[in-house]
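Protein chains get the first letters and strands the later ones, always in sequence-line order, with residue 1 at the start of each. Since we're looking at a predicted model, the values are computed, not measured.
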Amino acid sequence: MATHSAPKQPNGLDFFADAIRAALATALDLEPAVLVLERPREEAHGEFAVPCFRFAKAAACSPPQLAAKLAAELHIADVCATAIGPFLNFQIDPQRLAYVVLSSALTADFASGQQGLTTIVEFSSPNIAKPMHVGHMRTTVIGAALARIFQHLGHKVIRINHIGDWGSQFGKLVAAWQRWGSEENLQADPIAELLQLYVRFHAEEAADSSLAADAKIAFQKLESGVENETRKTWRHFTELSLREFERVYARFGITFDFVRGESWYEDKLEALSQWLDECGVTELSDGATIVNLESEGIKTPCLVKTAHGTTLYATRDLAAAKSRWEEFHFDQLLYVVGAEQTLHFQQFKAVLKRCGATWQERMEHVPFGLIRLAEGKLSTRAGRVIGLSEVLDRAVELARAAVEEKNPQLPNKEAIAEMVGVGAVVFHDLKHQRQKDVVFDWDEVLSFEGDTGPYLQYSHARCCSILRKADRALTSIDSIDLTLLEGGQELFVAMGRLPQAIRETGQKREPVLLAHALLKIASAGNAYYRENRVLGTGDLALENARLLVIQALRDTLALGLGLLGVPAPEQM
RNA sequence: GCACCCGUAGCUCAGUUGGAUAGAGCGUUGGUUUCCGAAACCAAAGGCCAGAGGUUCGAGUCCUCUCGGGUGCACCA
């Protein structure tokens, strides 16, 4: 399975990187693919660097000698090679760099690719009957960003929301509902009522053993497949919850191709059990059905059925995986799920491996670190939660105040505040490396200055503002005199690196790479239009040239923000 | 007890698959607005990359151990 995405035409700095790699490969008699172009530490040294240490031995000379030799021998169009010690640096002709980067940035498929790969991203996956809290933020935001990025890279992307709508917890919920439920409260605020029931169940469970027994029976009734009162209640809860989730997704601008709860795979569970038996991997242990995984180096066996015959999380995930494979024949299936479930994914992949399902290699757990509060781990039961809507509301509220203060004359301030607030929250999440735990800090999430979503949005809005004031049709790049552009090198390089950043974001499943590439672009952009005034210079040719840069910058920021899921208002 | 993840500036984080003098933001200090938007820009100060060994031309990055934080380890999801 290929993981690299080749753009239709090398764009941005890839255009030069490919040429450099090809020339270097010929000179060193190597495959271009093995040559990794690095970035010189000093920007003044050029756009690309190749340390010559590893090639020196084969060339029978010292690294500095090799670097010097290659610098003298290589002839690459519009690229100048120089040696500094053992480092071979490449500088792109500024004129040519500006042309290539600007023209690629102005095309709709900038930094895209074309591949027929099918990528499934499973993300968000909240549990019915509980509110979405900050803990759901990471999977939702990271998953949605990865999905958009793979789509941009040319994959056929299938987004699946694997709603937690099945399992013994619903037996508990139904049992609690039958004892204490109030239809009136449920209508008024469904999630709050369901949450209250859930919390109460756990509070009273220890003192009243009949509760757990009732819950067990309720789930058995649910799993029996027979239409009954229990099932009706469960379906009602599900519908109410989904409606709540939809509201949050709408604010994030997220849609799914399939909202398939665990229950969707209900009728596939029996066949799955049979399949596991046929594969000869199941065995009984203390009454439960398990798959021993010691042969795969995993000590804990995978439980696929409880002693009282009900299915488990792993059972349903196995059924889901198999069903997806049969339906989509995916090239990759990414599970954007918290790192605390690493063992679960190792186990259930190992089960499939034991069954001879080679396609399990295409499945990948994309783990992320926990969001914790300063007071400790999030806990729905303990009431230690911050609702996702609450976070968004507070961010929007602050954004509203900021807009009111900085730009009171704007029309549709409310819509802009929503975009800024949501953008701040989303970007804050994507700014962190996936695997690291995040301590939730209101001040940080709600900050609009520095390395933040609103900073990127501001840069974008500034470009929009300049273009709006110029109020003219953009001249074609080929009729523009790019020699008039003196500065901007840093900006062009930053923009030119976007294709690589997007590619790597996909390969490493790490949105922080794109986030940082965008910050660099915005920062270089802010410096650019500060130093190079666009309008009112009295030189029309110069204005048009700079306007083109602003247009390319705006398009690039809009592209990147769109991929991350940060809204890009034209004014703010 | 075993396994996995994390430890970089006062704080929050990057660090180009092992390369050149470790970079941003916040905060601190100082500067920039008769000029396309100051949610911005410019500059200064701030580091024994948790600690100790090892691997090699070269280590924040790889290996081993120690310390500190987090997570998981059979009928929850």
Side-chain angles (χ1 to χ4, degrees), chain A residues 36-42 45 49-54 56 62-63 84-87 89 125 127 164 166-169 172 262 285-290 298-308 310-314 316-317 338-344 346 367 369-370 372 377 399 402-403 405-407 420 424 428 431-433 435-439 441 443-444 447-459 461-470 497 500-501 504 508 512-513 515-516 519-520 522-523 526-527 529-531 533-537 543 546-547 550 571-572:
Chain A
V36 178
L37 299 186
E38 299 181 3
R39 212 156 44 225
R41 193 160 292 282
E42 291 289 329
H45 287 171
V50 174
C52 292
F53 303 98
R54 77 194 84 212
S62 73
I84 299 179
F87 294 91
N89 294 318
S125 312
N127 288 333
W166 206 245
S168 54
Q169 55 174 332
K172 294 177 185 175
E262 290 183 86
S285 169
D286 293 338
T289 309
I290 67 162
I298 299 171
K299 287 176 193 159
T300 324
C302 182
L303 262 80
V304 293
K305 214 168 244 182
T306 65
H308 47 274
T310 49
T311 62
L312 287 152
Y313 181 40
R316 297 186 285 274
D317 246 358
E340 68 275 13
Q341 291 192 35
T342 301
L343 178 62
H344 164 72
Q346 284 171 349
L370 235 54
R372 294 183 300 126
K377 198 180 164 180
V403 173
E405 179 204 328
K406 295 166 197 286
N407 237 336
V420 172
H428 175 264
K431 213 168 69 166
H432 300 91
Q433 231 182 50
Q435 294 261 45
K436 295 198 179 177
D437 289 353
V438 176
V439 175
D441 180 338
D443 289 344
E444 245 178 76
S447 162
F448 296 165
E449 283 164 24
D451 285 352
T452 63
Y455 171 76
L456 295 176
Q457 293 173 320
Y458 171 80
S459 309
R462 287 283 314 264
C463 293
C464 291
S465 171
I466 293 171
L467 291 163
R468 199 167 43 239
K469 283 179 178 150
R497 291 198 199 278
Q500 192 192 352
E504 284 181 4
K508 296 182 183 168
V512 74
L513 296 172
H516 279 267
L519 285 171
K520 178 72 194 161
S523 150
N526 278 319
Y529 51 65
R530 168 119 190 144
E531 286 158 24
R533 200 192 154 72
V534 178
L535 302 176
T537 59
E543 271 190 31
R546 288 181 177 170
L547 220 42
I550 298 301
Q571 298 179 71
M572 61 187 272

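- Not one side-chain nitrogen or oxygen of A/Thr452 sits closer than 4.0 Å to the OP1 or OP2 atom of B/rG25.
- In this model, the phosphate group of B/rG7 is approached by a side-chain N or O of A/Lys436 to a distance below 4.0 Å at OP1 or OP2.
- Regarding contacts with the backbone of B/rA74, every side-chain N or O of A/Tyr313 stays at 4.0 angstrom or more from both OP1 and OP2.
- In this structure, A/Phe87 and A/Phe53 have perpendicular ring planes: the angle between them is above 60°, well past the 30° mark.
- The partner of B/rC65, taking Watson-Crick or G-U wobble pairs whose two distances both stay under 3.5 Å, is B/rG51.
- Phosphate proximity of B/rC13 to A/Lys431: absent, as no side-chain N or O sits under 4.0 Å from OP1 or OP2.
- If you take atom P in B/rU33 and the same atom in B/rC42, they sit 15 Å apart, rounded to whole Å.
- Residue A/Arg316 places at least one side-chain N or O under 4.0 Å from the OP1 or OP2 atom of B/rA77.
- Distance check: A/Ile466 CD1 to A/Leu547 CG gives 8.5 Å after rounding to the nearest 0.5 Å.
- Remark: A/Lys299 is not in phosphate contact with B/rA74, judged by side-chain N or O atoms under 4.0 Å from OP1 or OP2.
- Base pairing annotation: B/rG46 forms no Watson-Crick or G-U wobble pair, as no partner gives both donor-acceptor distances under 3.5 Å.
- Nucleotide B/rC76 holds its C1' atom 11 Å from the CG atom of A/Leu303, rounded to whole Å.
- OP1 or OP2 of B/rC13 lies within a sub-4.0 Å distance of a side-chain N or O belonging to A/His432.
- For B/rG70, neither phosphate oxygen OP1 nor OP2 lies less than 4.0 angstrom from any side-chain nitrogen or oxygen of A/Gln435.
- Looking at the side chain of A/Pro301, the nearest of the listed nucleotides B/rG70, B/rA74, B/rA14 is B/rA74.
- Residue-level contact check: A/Leu519 touches neither bases nor backbone, having no heavy atom under 4.0 Å from any strand.
- A donor-acceptor contact under 3.5 Å links the side chain of A/Ser285 to the base of B/rA74.
- A/Pro40 comes within 4.0 angstrom of a base, heavy atoms only.
- Here B/rC76 sits opposite no nucleotide as a Watson-Crick or G-U wobble pair (both hydrogen-bonding atom distances under 3.5 Å).
- Side-chain N/O atoms of A/Arg462 include one lying less than 4.0 angstrom from OP1 or OP2 on B/rA38.
- Using modelled atom types and a 3.5 Å distance limit, the side chains of A/Tyr455 and A/Asn526 yield a donor-acceptor pair.
- Nucleotide B/rU17 forms no Watson-Crick or G-U wobble pair with any nucleotide shown, as no partner meets the under 3.5 Å limit on both distances.
- Nucleic acid contact class of A/Ala470 (heavy atoms, under 4.0 Å, all strands): none.
- Contact annotation for A/Thr342: no contact, since no heavy-atom pair falls under 4.0 Å across all strands.
- Look at A/Asn526 and you'll find a side-chain N or O under 4.0 angstrom from OP1 or OP2 of B/rC41.
- Counting any heavy atom pair closer than 4.0 Å across all strands shown, A/Val403 reaches a base atom.
- Where stacking is scored as ring centres under 5.5 Å apart with planes under 30°, A/Tyr455 does not register as stacked on the base of B/rA40.
- Regarding contacts with the backbone of B/rG37, a side-chain N or O of A/Ser465 is found under 4.0 angstrom from either OP1 or OP2.
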